[in-house]
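Read the structure below first, then the notes.
Worth saying up front: this structure is predicted, and the values here are computed from it rather than measured.
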Amino acid sequence: MTQERVELSDALSALLDENERFLIADALNGLIMTECHQLPLEIQDALAIEEGLAVKWGVDGPALVAKLEALDEPALQEIVESVWFFWHGEPFPDDLS
């Protein structure tokens with residue numbers, strides 16, 4: 001992992017609490033996100049479709065979406081890649097990014 005990626009991961013850990021990160025992983029389970037800028041919309045849709053998702057994780061859904069909307073593309077990509085690693089135990093495939 002490059003120094004820039006370590007710093008970005010540390011920054012994301014400071015920005016998103018553990019339950020927010022688990023909600024994102026839960027919402028993206030089974031999805032392959034190739035357009036990371038769509039992450040806020042995907043989470044907003046998941047919150048609307050999956051009744052109780054925010055309650056399940058103890059997260060303020062609209063506040064999480066607002067946080068994601070404020071992030072730049074590298075930060076969103078890091079989240080998407082982290083979720084991929086969480087579910088698959090391997091780095092995000094280069095041919096999907």
Side-chain angles (χ1 to χ4, degrees):
M1 183 178 288
T2 67
Q3 180 62 31
E4 293 84 10
R5 188 151 181 197
V6 168
E7 289 171 3
L8 183 56
S9 293
D10 290 345
L12 290 175
S13 293
L15 178 65
L16 300 172
D17 70 32
E18 184 176 53
N19 284 357
E20 290 171 330
R21 294 190 306 266
F22 279 128
L23 183 149
I24 293 168
D26 194 359
L28 298 183
N29 187 8
L31 295 178
I32 297 175
M33 295 239 7
T34 58
E35 302 293 330
C36 65
H37 65 275
Q38 295 288 341
L39 181 61
L41 183 59
E42 289 290 340
I43 299 306
Q44 186 175 14
D45 287 349
L47 290 165
I49 293 168
E50 297 181 44
E51 187 175 328
L53 184 63
V55 172
K56 173 182 176 181
W57 293 108
V59 169
D60 179 342
L64 174 58
V65 171
K67 282 183 185 182
L68 295 173
E69 289 173 338
L71 296 176
D72 61 12
E73 193 155 338
L76 294 172
Q77 184 67 36
E78 177 65 21
I79 293 169
V80 168
E81 290 181 10
S82 295
V83 169
W84 178 273
F85 190 83
F86 176 82
W87 286 118
H88 300 278
E90 60 187 39
F92 194 77
D94 288 335
D95 59 343
L96 292 179
S97 53

In short, side-chain hydrogen bond (donor to acceptor under 3.5 Å, both in side chains) pairs touching residues 61-70 with sequence neighbours left out are Glu20-Lys67
Could you note down all residue pairs passing side-chain hydrogen bond (donor to acceptor under 3.5 Å, both in side chains) where residues 35-45 supplies at least one of them, sequence neighbours left out?
-> none
Is there side-chain contact between [X] and [Y], with at least one heavy-atom pair below 4.5 Å?
X: Trp84; Y: Ile32; value: yes
X: Leu39; Y: Ile43; value: yes
X: Ile24; Y: Leu68; value: yes
X: Leu16; Y: Leu64; value: yes

Going from CG on Leu23 to CG on Asp17, what distance comes out if it is rounded to the nearest 0.5 angstrom?
->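 Reported to 0.5 Å precision, the distance equals 10.0 Å.
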What is the distance from atom CD1 of Ile79 to atom CZ of Phe86, rounded to the nearest 0.5 Å?
->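 Atom-to-atom, Ile79:CD1 and Phe86:CZ are 14.5 Å apart.
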Nearest heavy-atom pair of Trp87 and Ala25: which atoms, and what distance?
-> NE1-O, 2.9 Å
Pairs of donor and acceptor atoms involving the side chains of residues 50-57, under 3.5 Å and at least two apart or interchain, shall be tabulated with distances.
{"unit_1": "Lys56", "atom_1": "NZ", "unit_2": "Asp26", "atom_2": "OD2", "d": "2.8"}
{"unit_1": "Trp57", "atom_1": "NE1", "unit_2": "Asp26", "atom_2": "OD2", "d": "2.9"}

Should Leu31 and Leu76 be counted in the same cluster of Ile, Leu, Val, Met, Phe, Trp and Tyr side chains packed under 4.5 Å apart?
-> yes
